[in-house]
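Right, one structure below, let's go through it.
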Amino acid sequence: MANRDSEILILRECLYTLQGMNGATLYFDKEQEFQISNLDSEFALSNPSQSLLGQGAEEALRSCCKAGWYYGRIQEYITKAKDANSSSSSVAKALATALQDYLLDHYHSLLADWESKLDATNNDDGIISLRQLMIRLREPTHQLRTLAMVVDGLKGIKRGSEILTALVQHSWHGDSRHVKLVQGLIQKASQPWFDALYFWTTQGMLIMEDDEFFVVKSEKREIPGKANADNAVLNWKDTFVVYKERVPTGIMNQTLVQPSLTVGKGINFIRQCLRDSGWKLSLLEDKHLDTLSSEGGTFDDEELKKELFGYRYHPPKDIVVSRCNSTRQTSKLAKTLEVAEEQINSYIVEALRERHNLMDHLHGLKQFLLLGQGDFISALLESLYPELEWEGGTGLHAYSLMGFVDSALKSTNASQLPSWVLERLSVKMLSKEQQDSMLQFRFSLQAEGDDNAWDTFALDYSVPAPLTAIVHDSAMDHYHQVFSFLWALKRVEFLLNLTWRQSTDLNHAIITFAQYHAINMASHQPYAQAITLLRHISMARQSMMHFIINLKSYLFFEVLEGAWKTLSSRIEQGESLDELIQAHDEYLNEIIQMSLLFNEDGDASLGLQLNCLLSLVLKFCTIQRDIFSSATKKVEEATKLLKQAEQRTKQGEWGFTSPTENDETEEFFGLSDPIQLTEVIDLSDEFYLATQRLLKRLHEITHGISGARQSSMRSPTDDNDSDTMFSSAARHDQLNVDSLQFLTFQLDFSGFYKLDDE
């Protein structure tokens with residue numbers, strides 16, 4: 001009996017060893033190698049029928065107690081993951097709980113059953129042998145080996161998404177028992193990750209640590225000087241960042257990353273920017289209601305709803321599908337996200353169009369910052385010209401300029417625009433740095449150090465939130481960029497028209513003066529020189545006016561109206577906020593590129609050539625203004641003297657009492673100065689050459705693009721659709737080419753600039 005008792009003791013020690021504990025005979029050394037000390041197998045050899053250990057006991061004990069080593073590895077992971085002081089992720093803790101539950105249900109129950117039978121054997125109520133234990137431990141040992149291999153493979157992996165990816169990869173196995181066991185772990189370990197996804201895509205909340213979930217709140221959370229609720233562009237574009245590498249493989253398909261981001265940030269946008277905190281998703285459909293009824297669930301059963309909407313892991317039936325494409329696993333989730341995304345996009349787009357008057361504000365930007373309201377701009381120029389040109393803009397302030405703006409609004413059709421548009425119009429005073437950074441087309445004709453009053457301000461439009469998500473700061477920079485160019489164009493056009501009026505008055509005065517004094521141009525050289533100067537000025541002005549009118553017609557009709565028509569159509573057809581933002585951004589980019597300011601590569605060479613031409617026009621207007629101002633004063637003085645002479649003549653006195661009183665016939669009001677004529681001719685020639693260079697460049701661009709597009713045309717024998725000869729990008733470029741070719745023809749319809757000459 002003594003040997004039988006010792007065998008029972010060894011079997012009991014085996015029980016401890018199976019739980020990772022050491023006994024006197026069976027234990028694990030410091031290197032975690034299994035050791036057997038003082039095992040007496042003589043009784044088993046001499047009495048094999050009565051022995052509980054049987055023959056080959058040592059080898060049998062080593063085989064059985066492998067399970068204890070596996071158990072120790074698993075328990076070590078559980079202890080570390082559940083340690084309150086550890087930095088383990090929620091997924092790691094969920095995995096530890098799943099492992100612990102598995103051991104409790106499948107392993108500890110076996111050991112408890114064996115311990116009860118061992119007690120019965122000790123009381124001679126029953127017999128249990130080591131061989132029986134080996135047989136019962138065969139399957140649990142295999143399962144423990146799988147679990148130990150899994151936890152060993154997770155060493156050093158802390159992020160939840162990486163743990164789930166590793167588990168999914170472990171499930172790519174040929175042994176169905178192995179696959180089933182690991183997939184059971186995945187189902188429980190993935191619950192925290194799916195819970196985070198559920199709260200994000202249904203409530204817009206991030207409940208996981210920043211380094212665990214694939215959506216993270218950006219550190220750039222507010223713009224200085226603006227309330228968070230007004231930072232619509234920040235809330236939509238910059239508040240949340242996606243890390244696709246944090247999406248666990250086999251848990252969620254990568255194609256669902258963008259819909260998940262859109263849904264979550266859409267909910268935040270609705271609540272924070274649209275200020276609709278009561279809005280909720282409506283994901284329950286008839287099929288969901290039927291399922292709830294059949295399973296006895298309620299609308300408040302969150303766990304059941306997560307199951308219905310696909311926020312739980314479901315093992316794929318096909319292992320190959322699991323490795324190559326996880327679409328089947330997430331079909332429910334994909335449908336849920338599709339419905340949620342459609343509801344959110346529809347609500348946001350409708351709110352921006354209807355409640356926040358998107359098109360009215362975009363139209364207001366077009367009318368004011370893109371100078372589409374022509375009568376308003378003309379009235380504003382008329383009222384500003386004396387203040388800026390003759391007074392030098394001294395004492396200009398935003399409030400005083402707003403007086404001119406308000407006056408122009410009230411006297412034109414701009415007053416018919418909606419009040420919520422008009423109240424957004426303002427004037428921005430520009431610092432020197434803002435002028436250099438924002439205004440690309442500035443004229444520096446003043447002496448060095450002087451300021452140009454025309455450049456010290458700009459029209460501005462305060463876009464209300466949440467429309468700032470579409471008309472963001474970068475878009476406003478583009479608006480101001482185009483405004484500065486069009487404002488310069490309108491300015492020089494206004495000055496050219498003004499010089500024409502001045503020229504008409506002066507021509508009339510000179511002809512009247514010549515007729516009064518019976519002066520013949522053929523015999524009077526000063527008069528002939530004055531007429532020659534006026535003709536050169538007129539020809540230069542006509543050439544410049546021809547350029548300005550055709551350029552303005554191209555910009556306002558071909559570019560702005562064409563782009564606006566496209567934008568209106570895209571805004572009307574847009575189904576998401578991203579589509580609206582893209583449509584507006586492309587609208588502004590198209591305007592800038594077709595306005596010749598910059599090309600697709602950011603090259604501003606054409607813009608600089610336009611700047612040169614407009615500067616020459618402004619210089620011409622300044623020269624003519626100086627010449628005509630001096631001449632007009634002399635005409636007024638001569639007219640005054642003439643009237644005085646007529647009055648004296650009627651009184652019987654001499655009209656002129658000295659030769660110097662009527663000496664304007666020699667200089668013709670300063671218009672016979674050859675230096676002035678030379679200056680006008682040189683400026684006219686310079687304008688001709690600059691226009692010629694611009695036209696040649698446009699000719700090169702249009703023919704270069706056209707040739708490239710012709711070479712990319714598809715052959716009718718292509719396997720693709722033979723009716724489609726251009727891609728959409730090619731068609732768009734072709735429209736640009738047609739517009740530029742038409743502009744080139746309009747500017748040189750008579751061949752005056754001799755583009756074919758080298």
Side-chain angles (χ1 to χ4, degrees), residues 223-227 229-233 356-388 391 393-442 451-491 494 560 584 588 591:
I223 299 175
K226 293 186 179 180
D230 294 334
N231 297 340
V233 63
H356 296 279
N357 306 302
L358 171 61
M359 288 307 298
D360 285 345
H361 287 289
L362 292 180
H363 185 253
L365 285 164
K366 171 181 173 288
Q367 296 301 86
F368 295 122
L369 295 195
L370 301 184
L371 311 191
Q373 193 71 36
D375 56 347
F376 163 77
I377 299 301
S378 297
L380 184 61
L381 284 168
E382 287 278 359
S383 59
L384 284 176
Y385 176 76
E387 182 75 20
L388 299 178
E391 299 297 330
T394 56
L396 277 182
H397 299 283
Y399 65 85
S400 61
L401 289 171
M402 274 305 298
F404 292 106
V405 171
D406 289 338
S407 177
L409 286 173
K410 292 175 182 177
S411 62
T412 61
N413 289 331
S415 61
Q416 303 301 315
L417 292 173
S419 59
W420 54 82
V421 171
L422 296 178
E423 67 188 13
R424 292 288 169 176
L425 181 62
S426 62
V427 174
K428 176 192 290 187
M429 301 304 296
L430 304 176
S431 64
K432 194 71 174 177
E433 293 74 15
Q434 288 175 319
Q435 293 177 39
D436 294 336
S437 63
M438 187 180 75
L439 301 179
Q440 301 295 321
F441 293 87
R442 301 178 63 241
D451 289 330
N452 185 351
W454 291 89
D455 293 344
T456 58
F457 72 95
L459 292 182
D460 196 18
Y461 193 92
S462 177
V463 179
L467 299 184
T468 48
I470 298 174
V471 190
H472 43 79
D473 288 344
S474 178
M476 287 304 299
D477 289 341
H478 288 328
Y479 273 112
H480 286 125
Q481 195 175 66
V482 178
F483 169 82
S484 66
F485 171 47
L486 297 179
W487 182 249
L489 184 65
K490 282 285 189 178
R491 175 189 173 190
F494 173 80
L560 295 180
H584 185 255
L588 291 175
I591 289 175

Between [atom1] on residue [X] and [atom2] on residue [Y], distance to nearest 0.5 Å:
X: Phe457; Y: Ser400; atom1: CZ; atom2: OG; result: 9.5 Å
X: Ser407; Y: Met402; atom1: OG; atom2: CE; result: 11.5 Å
X: Leu358; Y: Ile470; atom1: CG; atom2: CD1; result: 4.5 Å
X: Ser415; Y: Lys410; atom1: OG; atom2: NZ; result: 10.0 Å
X: His478; Y: Ile591; atom1: NE2; atom2: CD1; result: 10.5 Å
X: Asp460; Y: Met429; atom1: CG; atom2: CE; result: 12.5 Å

Can you find a pair of side-chain heavy atoms, one from [X] and one from [Y], that are under 4.5 Å apart?
X: Phe376; Y: Gln367; answer: no
X: Val482; Y: Leu369; answer: no
X: Met476; Y: Val463; answer: yes
X: Leu384; Y: Leu401; answer: yes
X: Leu459; Y: Val405; answer: yes

Tell me the closest heavy-atom pair linking [X] and [Y], and the distance in Å.
X: Leu380; Y: Ser383; result: O-OG, 2.9 Å
X: Pro464; Y: Arg424; result: CB-NH2, 3.4 Å
X: Leu467; Y: His356; result: CD1-O, 3.4 Å
X: Leu370; Y: Leu486; result: O-CD1, 3.3 Å
X: Tyr479; Y: His584; result: OH-NE2, 2.9 Å

> Aromatic rings Trp487 and Trp454: how do their planes relate, parallel, tilted or perpendicular, breaks at 30° and 60°?
Replying inline: tilted

>> Below 30° counts as parallel, above 60° as perpendicular, anything between as tilted: where do the rings of Tyr461 and Phe368 land?
In response: parallel

> Given the rule in the side chain to side chain contact (heavy atoms under 4.5 Å, CB included) test, do Leu417 and Leu409 qualify, once you have shown the distances and angles that lead to the verdict?
Replying inline: CA-CA 10 Å; Leu417 292 173; Leu409 286 173; over 6 Å; no

>> Run the side chain to side chain contact (heavy atoms under 4.5 Å, CB included) test on His361 and Val471 for me, step by step, so that the C-alpha distance in whole Å, both residues' side-chain angles and the decisive distance to 0.1 Å come before the verdict.
In response: CA-CA 10 Å; His361 287 289; Val471 190; over 6 Å; no

>> By the salt bridge (charged side-chain N to carboxylate O under 4.0 Å, His left out) test, which pairs, at least two apart or in different chains, include something from residues 366-381?
In response: Lys366-Glu561

